[in-house]
Amino acid sequence: MTDLSTSDLYLLRPGTFCLVMFPLADSRRFLWLLIPLLGCCLPCLADLKVLVRLEDGQVTEENLQADSDKDFITLEFRKTDGTFVTYLADFKQDVKIFRVLILGELERGQSQFQALCFVTRLQSNEIIPSESMAKLRQKNPHAVRQAEEMRGTDTLQMDVAVNFTKGVQLTPHIHNICAEAKEAIYTRQEDVRLWLERGIDGSMFEVLPQPSSLPPLHPCKLCHRDWKPCICSYHLSLEWIPCSLKYCKNRDSSGKTTSYRCGIRSCQKAFSFHFYVTQKQLCLWDEET
């Protein structure tokens, strides 16, 4: 398989027709009608699977789902080590969630898997709108995709714990996405300040111990005791995100030039999360970084 750009990815244009079959009075006959897909006439729930090259050079399948009615997008993939990653963008609440399900080390007393959830604000131009994602199609499903734009790494100090039960105030999706990580949902103090200004109940947040606390907390990778509290780090890279739209030009019957959305630009974006854990046993992967 060959690495390709996004040249064979395209958006369905307004007025695109689909075939819908309706039964007539005579059950032995069917009538095929051409129904135009006009904006919001029908709910747009779409599923697109693309092949993506990971940081280590391996190829995985990325599953993108868009619900233009509820206005959210999910992106999911499995890393080479078996870790399952979910990214959710909630455009109604301007919130994004990262969930990672990490395979546990059973021989060191861990459970079958460990779940983490990181909740923070959704910035503009991170990912294309849900309506556009729902219309995204590809001509070559066997193409292995690599991002056109590298957006670097954001370092995020996830220094606040979020109460799972009350977290629905931030986004209704938190109960679904973070159900396995009820005791490990993190956000940032700077996000909390903004949410409090918007009237969110502050009782759902708990500020966690910081590296400067007494006694001082060290990075988990420098901690030699599995049962000692420390500051854990987790690196996550989204290797292929549809991050912006491309526009094409067309001439109508009167000769007037018009533009329409015809494709996407893809980006790579990495995140480095730093957060408090009560024991190094909950951050064994940090030994390998």
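Since we're looking at a predicted model, the values are computed, not measured.
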Glu197 bridged to Arg193 by N-O distance under 4.0 Å: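 Between Arg193 and Glu197 there is no salt bridge, as every charged N stays at least 4.0 Å from the carboxylate O atoms.
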Does the distance from a Lys or Arg side-chain N to an Asp or Glu carboxylate O, for Arg121 and Asp94, drop under 4.0 Å?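 Result for this pair is no, no salt bridge flagged.
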Counting only N and O atoms by type, is there a donor-acceptor contact under 3.5 Å from the side chain of [X] to the main-chain atoms of [Y]?
X	Y	answer
Asp159	Gln189	yes
Ser266	Glu148	yes
Trp285	Ser233	yes

With sequence neighbours excluded, tell me which residues meet ring pair (Phe, Tyr, Trp, His ring centres under 6.0 Å) with [X].
X	value
Phe205	none
Phe275	Phe118, Tyr186
His274	none
His175	Phe164

Is Asn125 atom CG crowded by more than 12 heavy atoms from other residues, nucleotides or ligands, each under 6.0 Å away?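 Check fails, neighbour count at 12 or below.
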Is it true that, when you exclude Lys79 itself, more than 12 heavy atoms of the residues, nucleotides or ligands shown sit nearer than 6.0 Å to its NZ?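 Above 12, so yes.
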Mind checking side-chain contact (heavy atoms from CB on, under 4.5 Å) for [X] and listing every partner two or more places apart, or none if nothing turns up?
X	answer
Thr258	Asn250, Asp252
Gln169	Lys166, Ile200, Asp201, Met204
Thr257	Lys249, Arg251
Pro172	Asp90, Gln93, Val168

Are the gamma sulfurs of Cys232 and Cys220 separated by less than 2.5 Å?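 Their SG atoms do not fall under 2.5 Å; no disulfide, then.
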Look at the SG atom of Cys283 and the SG atom of Cys230, then say if they are under 2.5 Å from each other.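 A disulfide is absent here, as the SG pair of Cys283 and Cys230 is separated by 2.5 Å or more.
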Establish, yes or no, whether a centroid distance under 6.0 Å links the rings of Phe273 and Phe98.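 Judged by ring-centre distance (under 6.0 Å), Phe273 and Phe98 do meet the cut-off.
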For Cys223, all residues meeting disulfide bond (SG atoms under 2.5 Å apart), sequence neighbours excluded: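 Disulfide bond (SG atoms under 2.5 Å apart) check on Cys223 returns nothing, list empty.
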Scan for disulfide (SG to SG under 2.5 Å) pairs involving residues 56-100, sequence neighbours excluded, and state none if there are none.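 For residues 56-100, and leaving out neighbouring residues, there are no disulfide (SG to SG under 2.5 Å) pairs at all.
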So which pairs with a foot in residues 143-179 pass disulfide (SG to SG under 2.5 Å), sequence neighbours left out?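 Non-adjacent pairs meeting disulfide (SG to SG under 2.5 Å): Cys117-Cys178.
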Going by salt bridge (Lys or Arg N to Asp or Glu O under 4.0 Å), name the residues that satisfy it together with Glu76, two or more places apart in sequence or in a different chain.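 In terms of salt bridge (Lys or Arg N to Asp or Glu O under 4.0 Å), with neighbours along the sequence ignored, Glu76 is linked to Arg99.
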Partner of Glu149 by side-chain hydrogen bond (donor to acceptor under 3.5 Å, both in side chains), out of Lys269, Gln268, Arg265: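 Going through the options one by one, the only one that passes is Arg265.
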Closest non-hydrogen atom pair, Met133 against Ile73: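 Heavy-atom minimum between the residues: CB-CD1, 3.7 Å.
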